[in-house]
Amino acid sequence: AALVDELGFSAERLHVVHGGRTSVAAGLLLARRLLESGAASACLVGGVDILCNGASLRAFSARRVLKGDWDGFIAGEAAGFVRLSSSPGP
């Protein structure tokens, strides 16, 4: 809901795809269908992966198993997004 409010999208235009490792493929296929049908002129497809949550990070920090100058980076975290459009251009 915060993303919808921040970007000014209507909630009906936001599609969340759950499916683990195959979610990106499902999201790309959904975007393709929306673009080909004319239901959308552009789509933003993306995903994030995080191996830890806030509670586990605090527990690791309390046990001092994170490096001393920990800056919040945890190996294995990632995010990627691609904008798809039915017309060429920026």
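Since we're looking at a predicted model, the values are computed, not measured.
- Once rounded to the nearest 0.5 Å, the distance linking OG of Ser41 with CG of Leu34 reads 10.5 Å.
- No path of Ile, Leu, Val, Met, Phe, Trp and Tyr side chains, each step under 4.5 Å between heavy atoms, connects Val17 with Leu84, placing them in separate hydrophobic clusters.
- Hydrophobic clustering (ILVMFWY, side-chain heavy atoms < 4.5 Å, transitive): Leu29 and Leu35 are in distinct clusters.
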Query raised in the report: Passes side chain to side chain contact (heavy atoms under 4.5 Å, CB included), Val45 versus Leu30? Steps please.
Result: CA-CA 9 Å; Val45 179; Leu30 175 59; over 6 Å; no
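- For the residue pair Ser23 and His18, the shortest heavy atom distance occurs at OG-C, 3.5 Å.
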